[in-house]
Undergrad: 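This is the structure I want to talk about, given as structure tokens.
Nothing here was measured: the structure is a model prediction, and the numbers come from that model. Along the sequence shown, residues carry numbers from 1.
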Amino acid sequence: MLFFFGISHFFSNFALDMRVILQRCSRAEVRIDNTVTGAIGRGFVLLVGVTDGDSCADADKIARKVAQMRVFEDSEGKMNLGLHEVEGAILSISQFTLYADCRKGNRPSFIKAARPETAAPLYDYFNRILREQYGLRVETGRFGTDMKVDFINDGPVTILLDSAEL
């Protein structure tokens with residue numbers, strides 16, 4: 001019984017950390033009402049999820065990891081280069097659905113996603129840190145709107161970052 005308590009405790013805590021899905025891309029754009037609001041060439045598409053209890057410290061940890069991530073190939077074909085070396089950029093998209101709970105029924109619950117009044121300022125802070133502290137070009141969609149994201153996942157390379165694990 002203690003074993004099962006430990007697993008459920010782990011998973012309940014896992015859902016309480018900022019999450020980002022990083023996808024290496026050769027190009028990406030986001031459209032709102034058929035208007036491009038952000039577009040990049042080579043770089044990262046970031047799907048950013050915020051939950052209650054996340055803080056600037058969580059955003060700082062993930063921003064540092066994103067800025068230092070080396071997943072572009074060098075001259076020997078090894079993933080050894082970062083965004084700065086390849087003159088890459090970021091397309092950052094708010095993504096509350098990263099906190100979907102699909103354990104019951106067929107319609108996900110999003111109760112673990114932070115409310116907009118909490119999530120939007122932290123999402124903006126995360127993007128500002130990437131720009132100001134790490135000198136990266138960051139394009140975005142618009143928080144809380146219906147967006148169409150189009151990109152080519154290069155590799156494919158897709159990495160899940162969770163602030164609790166950094």
Side-chain angles (χ1 to χ4, degrees), residues 1-25 28 30 40 42-74 78-86 88-104 108-141 143-144 147 149 151 153-166:
M1 188 65 160
L2 182 61
F3 175 73
F4 291 111
F5 171 77
I7 288 177
S8 73
H9 179 70
F10 169 78
F11 282 110
S12 68
N13 285 339
F14 182 76
L16 298 176
D17 304 305
M18 189 170 179
R19 293 180 182 164
V20 171
I21 294 179
L22 178 151
Q23 296 179 297
R24 186 178 74 183
C25 69
V30 58
I40 64 169
R42 190 175 198 189
F44 297 150
V45 172
L46 302 180
L47 305 177
V48 182
V50 177
T51 189
D52 287 326
D54 284 344
S55 67
C56 291
D58 293 295
D60 289 336
K61 285 195 283 187
I62 292 184
R64 180 177 57 249
K65 185 60 80 171
V66 167
Q68 296 174 352
M69 188 67 64
R70 299 182 332 179
V71 296
F72 296 95
E73 281 124 16
D74 62 15
K78 296 189 192 268
M79 283 193 209
N80 202 26
L81 302 177
L83 278 174
H84 287 293
E85 289 93 355
V86 300
I90 292 172
L91 178 63
S92 176
I93 305 295
S94 62
Q95 189 75 36
F96 76 92
T97 60
L98 290 180
Y99 287 97
D101 183 348
C102 300
R103 291 177 289 178
K104 294 182 181 176
S109 167
F110 300 105
I111 197 157
K112 292 182 180 178
R115 306 262 324 136
E117 56 273 11
T118 300
L122 193 54
Y123 169 71
D124 291 340
Y125 173 81
F126 173 72
N127 293 322
R128 191 170 57 253
I129 290 298
L130 289 169
R131 288 181 186 111
E132 294 174 5
Q133 188 169 336
Y134 296 103
L136 296 168
R137 183 173 141 240
V138 179
E139 300 283 323
T140 65
F143 189 93
M147 296 175 274
V149 181
F151 67 99
N153 187 325
D154 182 18
V157 173
T158 302
I159 298 168
L160 173 63
L161 300 172
D162 185 296
S163 64
E165 297 178 1
L166 302 177

Undergrad: Just verifying a value: how many Å separate Arg19 CZ and Asp54 CG, rounded to the nearest 0.5 Å?
TA: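 Between atom CZ of Arg19 and atom CG of Asp54 there are 9.5 Å.
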
Undergrad: Classify the side-chain pair Thr140/Asn127 by whether it contains a donor and acceptor separated by less than 3.5 Å.
TA: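 No.
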
Undergrad: Tell me, please, which residues at least two apart from Phe96 pass side chain to side chain contact (heavy atoms under 4.5 Å, CB included).
TA: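 So Phe96 forms a side chain to side chain contact (heavy atoms under 4.5 Å, CB included) with Phe110, Ala113.
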
Undergrad: Side chains of Phe44 and Val71: closer than 4.5 Å at any heavy-atom pair?
TA: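 Yes, their side chains come closer than 4.5 Å.
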
Undergrad: Heavy atoms only: give me the nearest Pro108-Cys102 pair and the separation to one decimal.
TA: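 Heavy-atom minimum between the residues: CB-SG, 4.0 Å.
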
Undergrad: Is any side-chain heavy atom of Lys112 closer than 4.5 Å to one of Asp52?
TA: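 Not in contact.
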
Undergrad: Go through the structure and list residues passing side chain to side chain contact (heavy atoms under 4.5 Å, CB included) with Arg128, not counting sequence neighbours.
TA: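 Per chain and number, Arg128 pairs via side chain to side chain contact (heavy atoms under 4.5 Å, CB included) with Tyr125, Glu132.
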
Undergrad: Ile40 vs Phe151, test: side-chain contact (heavy atoms from CB on, under 4.5 Å). Steps then yes/no.
TA: CA-CA 9 Å; Ile40 64 169; Phe151 67 99; over 6 Å; no

Undergrad: Side chains of Asp58 and Ser55: is there a donor and an acceptor less than 3.5 Å apart?
TA: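 Judged by distance alone, the side chains do pair up.
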
Undergrad: Residues two or more places apart in sequence or in another chain: which of them pass salt bridge (charged side-chain N to carboxylate O under 4.0 Å, His left out) with Arg70?
TA: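 With sequence neighbours excluded, Arg70 shows a salt bridge (charged side-chain N to carboxylate O under 4.0 Å, His left out) to no residue whatsoever.
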
Undergrad: Could you go step by step and tell me if Ile111 and Asp101 meet the side-chain contact (heavy atoms from CB on, under 4.5 Å) rule?
TA: CA-CA 8 Å; Ile111 197 157; Asp101 183 348; 5.8 Å; no

Undergrad: So, using side chain to side chain contact (heavy atoms under 4.5 Å, CB included) as the criterion, who are the partners of Val86 when residues are at least two apart?
TA: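 Residues passing side chain to side chain contact (heavy atoms under 4.5 Å, CB included) with Val86: Arg42, Phe72, Leu81.
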
Undergrad: Side chain of Ser163, backbone of Met18: donor and acceptor closer than 3.5 Å?
TA: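 Yes, because the side chain of Ser163 sits within donor-acceptor range (under 3.5 Å) of the backbone of Met18.
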
Undergrad: Just wondering, do Leu160 and Glu165 contact through their side chains at under 4.5 Å, heavy atoms?
TA: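 No - every pair of side-chain heavy atoms lies 4.5 Å or more apart.
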
Undergrad: With Leu122 as reference, evaluate Val48, Thr51, Val50 under the side chain to side chain contact (heavy atoms under 4.5 Å, CB included) test and give the passing residue.
TA: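 Running side chain to side chain contact (heavy atoms under 4.5 Å, CB included) over Val48, Thr51, Val50 with Leu122 returns exactly one hit, Val50.
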
Undergrad: Residues two or more places apart in sequence or in another chain: which of them pass side chain to side chain donor-acceptor pair (under 3.5 Å) with Thr118?
TA: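 Listed in chain order: nothing, the list is empty.
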
Undergrad: Kindly compute the distance separating CG (Leu130) from CD1 (Ile90), expressed to the nearest 0.5 Å.
TA: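 Here the interatomic distance stands at 4.5 Å.
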
Undergrad: Considering all heavy atoms of both residues, which atom of Ala164 and which atom of Asp17 are nearest to each other, and what is their separation?
TA: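 In terms of heavy atoms, the two residues are closest at CB-OD2, 2.9 Å.
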
Undergrad: Which value, rounded to the nearest 0.5 Å, describes the distance between Lys65 atom NZ and Asp162 atom CG?
TA: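 Rounded to the nearest 0.5 Å, the NZ-CG separation comes out at 12.5 Å.
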
Undergrad: Please assess Met79 against Val157 for the test side-chain contact (heavy atoms from CB on, under 4.5 Å), listing each intermediate value before the final yes or no.
TA: CA-CA 10 Å; Met79 283 193 209; Val157 173; 3.8 Å; yes

Undergrad: In plain terms, say whether Arg24 and Glu73 are close enough for a salt bridge, that is, a side-chain N and a carboxylate O under 4.0 Å apart.
TA: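 Looking at Glu73 together with Arg24, the answer is yes, because their closest N to O distance falls below 4.0 Å.
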
Undergrad: Please walk me through it: do Thr158 and Ile21 pass side-chain contact (heavy atoms from CB on, under 4.5 Å)?
TA: CA-CA 7 Å; Thr158 302; Ile21 294 179; 3.8 Å; yes

Undergrad: What's the separation between atom CG in Asp60 and atom CD in Gln133, rounded to the nearest 0.5 Å?
TA: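 Result: 6.5 Å between the selected atoms.
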
Undergrad: Check side chain to side chain contact (heavy atoms under 4.5 Å, CB included) between Arg115 and all other residues, then give those that pass, not counting sequence neighbours.
TA: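 Result, side chain to side chain contact (heavy atoms under 4.5 Å, CB included) vs Arg115: Glu117.
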
Undergrad: By the definition side chain to side chain contact (heavy atoms under 4.5 Å, CB included), identify the one residue from Leu161, Val66, Ile93 that meets it with Leu46.
TA: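 In the set Leu161, Val66, Ile93, the residue that makes a side chain to side chain contact (heavy atoms under 4.5 Å, CB included) with Leu46 is Val66.
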
Undergrad: A quick test of your reading: do over 12 heavy atoms of other residues, nucleotides or ligands sit less than 6.0 Å from CD1 of Ile159?
TA: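 Correct, the count exceeds 12.
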
Undergrad: CG of Asn153 to SG of Cys25: how many Å apart, nearest 0.5 Å?
TA: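 Taking CG in Asn153 and SG in Cys25, the distance rounds to 8.0 Å.
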
Undergrad: Is a side-chain donor or acceptor of Tyr123 paired with a backbone partner of Ser92 at a separation under 3.5 angstrom?
TA: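 Pair found, side chain donor or acceptor close to backbone of Ser92.
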
Undergrad: Can you tell me how far apart OH (Tyr134) and NE2 (His84) are? Round to the nearest 0.5 Å.
TA: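 It comes to 9.5 Å.
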
